[in-house]
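Below is the structure I would like to discuss, written out as structure tokens.
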Amino acid sequence: DDKVTIGVSVPAATHGWTGGVNYFAQQAITRLSETYPNVEFVFASSPDSPKQIADIEDMVSTRGIDALVILPGDPDAMTSAIKQVKDAGKFVTVVDRQLSIDGVENLYVAGDNPGLGANAAEYIKSALPDGGNVVILRGLPIPIDQQRFDGFMGSIEGSNIMVLENQFANWNRDDGFRVMQDFLTRFPEIDAVWTQDDDISLGAIEAIKQAGREDEMFVVGGAGMQQIIQAVANGDPLTPVDVSYSPAMIATAIELTTSHFTGGIQVAGRYILDSTLITKDNAEQFLDADSPF
Amino acid sequence: MADVQDTGVAPILSAHRISKSFGEIPVLFSIDFDIRPGEVHAIIGENGAGKSTLIKILSGIEQPTSGSIHYDGRSVVLPPDGKAEAMGIVLIHQELNLAEHLTVADSIFLGRELRQGPFLKVGEMRRRAAEIMETLHVHVDPDARISSLSVADKQMVEIAKAISRDARVLIMDEPTAVLSVGETQTLFEQIRRLTARGVSVVFISHKLDEIMELADRVTVLRDGQLIATVSTEALTPDSIAQMMVGRELSNLYPPKHEPDVDEPVLLSVRNLATKSVSDISFDLRKGEILGFAGLIGSGRTAVAEAIVGLTHRTAGEIQLNGQVVNFTRVAQSVEAGLAYMTKDRKGKGLLLNMGLRPNLTLLTLQKHMRAGFLDTASEERALERATRRFDIRARDASVAVGRLSGGNQQKLMLGKTMESEPDIIIMDEPTRGIDVGTKQQIYHIIAALAAEGKAVIVISSELQEVIGLSHRVVVMRSGRIAGVLEGAEITEEEIMRYAAGIKQSGHDERISA
Amino acid sequence: MSVSAPEIPAKTTSRFKWDLKTIGPLAALALLVLLGITLNENFLTYNNITNVLARSSFIGIIAIGATFVITAGGLDLSVGSMAAVIAGVMIMVMNWLIPVFGIGWGVILAGMAAGVLLGGVAGVGNGIMITRGRIEAFIVTLGTMGIFRSLVTFLADGGTLSLNFQVADVYRPVYYNGFLGVPYPILVFALVAIAGEVVMRRTAFGRHCAAIGSNEQVARYSSINVDNVRLITYILQGVLVAVAVLLYVPRLGSASSTTGVLWELEAIAAVIIGGTTLKGGYGRVWGTVAGVIILGLIGNILNLQSFISPYLNGAFQGVIIILAVLLQRPKRAS
Amino acid sequence: MSVSAPEIPAKTTSRFKWDLKTIGPLAALALLVLLGITLNENFLTYNNITNVLARSSFIGIIAIGATFVITAGGLDLSVGSMAAVIAGVMIMVMNWLIPVFGIGWGVILAGMAAGVLLGGVAGVGNGIMITRGRIEAFIVTLGTMGIFRSLVTFLADGGTLSLNFQVADVYRPVYYNGFLGVPYPILVFALVAIAGEVVMRRTAFGRHCAAIGSNEQVARYSSINVDNVRLITYILQGVLVAVAVLLYVPRLGSASSTTGVLWELEAIAAVIIGGTTLKGGYGRVWGTVAGVIILGLIGNILNLQSFISPYLNGAFQGVIIILAVLLQRPKRAS
Ligand SMILES: Nc1ncnc2c1ncn2[C@@H]1O[C@H](COP(=O)(O)OP(=O)(O)OP(=O)(O)O)[C@@H](O)[C@H]1O
Ligand SMILES: Nc1ncnc2c1ncn2[C@@H]1O[C@H](COP(=O)(O)OP(=O)(O)OP(=O)(O)O)[C@@H](O)[C@H]1O
Ligand SMILES: [Mg+2]
Ligand SMILES: [Mg+2]
């Protein structure tokens, strides 16, 4: 019996980026199911860690999976549960987020969260050589946000860039709009905004436009949302760059895992997808008309 | 006593062979009943006889299981939920039926608000409400919230609400149970005014003198059966009682056995004051029954509630068996052998959604513990005892207390209070809504308690009851003690003189008289 | 017996009692404004005040609906998800209709109509299940909350539904512009609030809501059609959610599965901070308005200062909410 | 009075009436199990059933506490955040104490003690504000929900608090192992449920909770110390949250600001699905247990099939919750 079942577990689409993850995962599953009729996929999308653990437990005990591709919502909380899947003899691919003990996964397909922050910081430093004021709109208080924030702050340290304030905007547009409005009220001089996420950027941009201050500052987001990349490509001065952090990495991970079983090639090790700076020059290669993100 | 002959007057509303069962339990058996224009037709019967059920059927609140209703000679199915009001059939429920959050004016016009276009005529309604309350001699602010009113005032609001409707048939279920003499008279005036205009009134009461005074005809129910419908002239209170309970009722009140003058004082109150009463001092002796009379709102309840720790007392001292006590919670007073039975059985006395057993033992759960757990069997035994002692009649023992007849709820509450086996009992309107037969029984129980050496305070708006039971009577007026009567002084006239402020005595000389 | 009771003279209480319970939310509001002024000189600027009020208007309009639902003894947990679905469907309808109507107000009005219709239908759904199905409101609306949330996620395919850019440009002024310097959202909020207050105080419907919430049995025996009044509160809630969405969509031109998350909690909190009783029977719309503005100001003030770590935002919010209600706590029941 | 009425003999109704209201949650449960069996042959396996029950145990234990709070007419929205704080503090305490006690049960027991203590204190805090402060429970616990959530975010510095791995290894069996093949979480859940049912039905405290929830005034006049009983329900809730956390920490070994999000909603839903009335006055613990298992099974069943788009999980959940309660809806009040 060469039937293979692969479980795919991702966090629920609670904001734009995870929405993208859900979309790309399901797209990859549809595509690969057609190509490989002997591979069956089980997909689950979970709002929190206990639920995600429950989902992978169910995959093992009721769906008899052979491999698990997982983007853990909270890697620290998920580590021991993922280890149990591994201990049960399943092939494990971890995506994006590093587990808290090494050597659990067979394959690691990762984005670079500190790099996302550092890239943005480097660009802001170069764009404001004489120094300037930056406000930060953060995501939710979870580890990824902290890593990005630390990456940014580490990189900005020692420069003449002044971070005025940071606040959580919960990775959504409404809160991006709300927090940015208040920052605009509070700070008469802002040169750059780092939102670390394009959903937040979209809200912040509306607030900046409303205040009529779009000529004073620019916004650096992250994650590579189509709408922002398009603006970068168009040379919009408000969004001169973006930092890639594509949710499509989940598709890469699913493909690699599938080929482990179908292609007869041993897949293992670490695949790090860099957070690259998207500029007017390279924006074209990041555009994808079909992506919902 | 023969049934009233057909006088040829066409009845306005009549019931033919009405039967009613709740689930399996039958409560009315083939009742015939009719109401003539402009008459006052009283319904009497023991607690649980089915009076309230009958009039609920006559006003559409309940549908009969079988039988028919005729209105103006035509067979009708009355619409439910008080919609029969639109046809001129207005009901005052036995249990207060007001929403606590609303104001007096809101309540009086609820469901048929006066409007101008889509908007309420708020000022107009307030003014009309004030007018109606004025005709009833009730002094409450039309903007006062129902929750802030005393039980009696709430009842007056209900009456106001009902008489303000354009009624052809006005049905009142024990409207006077919580009213004092004065308010009852005001109500009767209004009823006479309405009947003179041709309005028919159905009137339920356990107070036989009221029936004699007001009713043209009387229908007697017993255990869901129609016993008779007779005209009042043919009756005496004794004969009504006999028809109701099926036997002679002699000696409603037991003989008084005055306690010895040297019996110890069990409860002594000195200069008690709360927000609503002041300067209250009296003694209660072992074996004594002390009546508290006064008009509604004179502060009798407030005194009782302050003594047992339900309300905060601003001044004064209370001694129990010579010890100064300072109850801040009811539990402490119950522990000390002092129990208070509220007059507000629906709001403060009983958990209407629960059964008889948990209600009976709620005050005294500690008595029914075995090894730290509740002993249901022991509770059941207590219920059996109380059912016998107070003649509680529940046709369906598993029914929620809210479904019991009003009088049986009252008896259950009595049973609940007595469960704590208090040495001193304060009973607030103990026989509210209770039929004469059971009343007699309760009076004997109270007398027996006193004879056993307990002490009883009876707060009552029924003067006869206070007079018939009490060894001494404290009359209150406007939050103060107006006078203390004893022996031959205890007469209706004397009590009223004090209660109305016509006579006043320095109470100090009287307290320990 | 003619002796009438020597009554304590009837208290002629003035119509409005300015007791703590009444001024509670206003006092809390005043304190917050003071705090804001102290913290930041820009606090009282036209821009800041209109910003705060305009973005509070969504929750505000929804909370006014919730005031009726709660006063009548009900509860609607689905409003946030309902807002997301309505926003999503409005956007989809507008995008679809562009080929028919072209870019312009035609499309937008059609979208608005669809939104209001959907809000009404959603309200009917909740209301029918609660009144005719006799299922606890908490459960029905928890259920529809999940259903609506799923629906918008499904419609957006996990991502974001975005309004056509040209239509969005036409529609934008509905959020950003105004009349005589007052942004439209604030105007609409004010109108809905005034209408709500009038309906609550001056119409039979408002009174019937209170009666039902206070004692359903009494209301029923007063020949009030309890089910219908309840149903109408849910429909009103649905329509008001839609009205809020009409103002929400032009702001960012998008809807996703995160739209309106936790709005229900915020709306209910505003209602209760405003002095309406959660168990029903008593509601006041102006209190709700105060509650909404209090919640809006808390967020604003947090963004205007830097002593409180952003990690502790929620704690600040929690403390203020408790304090706002502490200011109007009832006296110990007699 | 010798003539006693010819009474219809008091029906000795059997203690349990097997009407719809009683079997409602059980029927819903049975239907879900049937659905599960149809969908997947592995549904009824030992592994799957113990998985579902063990992971339902956290919410289950919390929901049993909520049953008491709700029966007594209260509400606690803070349980999810409280769980997060307790988990965070437990982990910090254990990590701190390693130098003192070394790796082993000493550290774990100290952590457990700290957790239970904190749960009790949190319950006291909620309870005191509600009873002595006379603030609406909804508002107090909404406030503390924000406060606790902030606190854990602050303690974790926006990230995750992780238990030392060696300690986690010692602690892990508390979740994953069991006694006679029954995992410990299930055992603890069962014990708490049985104790809860006994306390509710067979102690004065349980009776008092129902009395207070039914009519606070009557309770007060019946010499029940209303404030104390209420306070105890909140303390009980806090302690039970801590007990749930004692089982949660060995499963995840970490706590963050997302721990326990929306648990309050799930717990309240379980309580109401189980037949307890949200307005208080009537509660049943076994119903809550059924409610919790229903919610657990819904998630499990969704994982057993692949026809429903994962975007629509919430909709499925919503429909089942409504149906479960529809099965036990009351007859039209007479
Ligand atoms: N909704 C109900 N469900 C079940 N039993 C009921 C219901 N309503 C009334 N009963 C029963 O019907 C019987 C008659 O009650 P009803 O209230 O008519 O008595 P009543 O004559 O008015 O007594 P009282 O003088 O005490 O008010 C009682 O045994 C009562 O328990
Ligand atoms: N102004 C007030 N504010 C709050 N509570 C009050 C006020 N006045 C009286 N009460 C309370 O209302 C209840 C009824 O008191 P009240 O003095 O009206 O009764 P009463 O006249 O003694 O009794 P009855 O109505 O049987 O004659 C008591 O609990 C009392 O404490
Ligand atoms: Mg009756
Ligand atoms: Mg009074």
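The sequence lines fix the lettering, A, B, ..., with proteins before strands; numbering per chain opens at 1.
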For this session: Under 4.5 Å, counting heavy-atom pairs only, tell me which of A:Val179, A:Asp182, A:Asn166, A:Asn172 racks up the most with chain C.
Result: A:Asp182

Exercise. Chain A heavy atoms under 4.5 Å from C:Phe58: which part of the residue, side chain, backbone, both or neither?
Worked result: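 No part of C:Phe58 comes within 4.5 Å of chain A.
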
Exercise. Which bit of A:Asp174 is near chain C, if near means a heavy-atom gap under 4.5 Å: side chain, backbone, both or neither?
Worked result: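 Contact with chain C involves both backbone and side-chain atoms of A:Asp174.
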
Exercise. For A:Asn170, is it the side chain, the backbone, both, or neither that has a heavy atom closer than 4.5 Å to a heavy atom of chain C?
Worked result: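 Neither part.
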
Problem set entry | Contacting moiety of A:Gln181, where chain C heavy atoms sit under 4.5 Å | both

For this session: Check whether C:Ser309 gets within reach of chain A through its side chain, its backbone, both or neither, counting any heavy atom under 4.5 Å.
Result: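 Neither the backbone nor the side chain of C:Ser309 comes within 4.5 Å of chain A.
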
Seminar exercise, completed: Within residues 203-218 of chain A, contacts to chain C at heavy-atom distances under 4.5 Å involve A:Gly203, A:Glu206, A:Gln210

Problem set entry | Interatomic distance, A:Met225 atom CE to C:Thr160 atom OG1 [nearest 0.5 angstrom] |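 OG1 of C:Thr160 is found 5.5 Å from CE of A:Met225.
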
For this session: Write out, in numerical order, the residues from residues 33-44 of chain C with a heavy atom short of 4.5 Å from a heavy atom in chain A.
Result: C:Asn40, C:Asn42

Exercise. Which bit of C:Tyr311 is near chain A, if near means a heavy-atom gap under 4.5 Å: side chain, backbone, both or neither?
Worked result: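 Both the backbone and the side chain of C:Tyr311 come within 4.5 Å of chain A.
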
Seminar exercise, completed: Comparing A:Phe168, A:Phe183, A:Trp171 against chain C, the one with the most heavy-atom pairs below 4.5 Å turns out to be A:Phe168

Exercise. When rounded to the nearest 0.5 angstrom, what distance separates CG in A:Asn22 from OG1 in C:Thr153?
Worked result: 9.0 Å

Problem set entry | Closest approach of A:Arg178 to C:Gly299 (non-hydrogen atoms, all atoms of both residues) | NH1-CA, 4.3 Å

Exercise. Under 4.5 Å, heavy atom to heavy atom, which residues of residues 48-55 of chain C contact chain A?
Worked result: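 The residues closer than 4.5 Å to chain A, in numerical order, are C:Asn48, C:Asn51, C:Arg55.
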
Problem set entry | Residue among C:Asn47, C:Leu161, C:Asn300, C:Leu302 with most heavy-atom pairs under 4.5 Å to chain A |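 So the answer, after comparing C:Asn47, C:Leu161, C:Asn300, C:Leu302, is C:Asn300.
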
Exercise. Above 12 or not: heavy atoms from other molecules or residues under 6.0 Å from CZ of C:Phe154?
Worked result: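 Result for CZ/C:Phe154: open.
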
Problem set entry | Residues in residues 244-252 of chain C near chain A [non-hydrogen atoms, under 4.5 Å] |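 Checking residues 244-252 of chain C against chain A gives C:Tyr248, C:Arg251, C:Leu252.
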
Exercise. C:Asn313 versus A:Gln167: any side-chain heavy-atom pair under 4.5 Å?
Worked result: yes

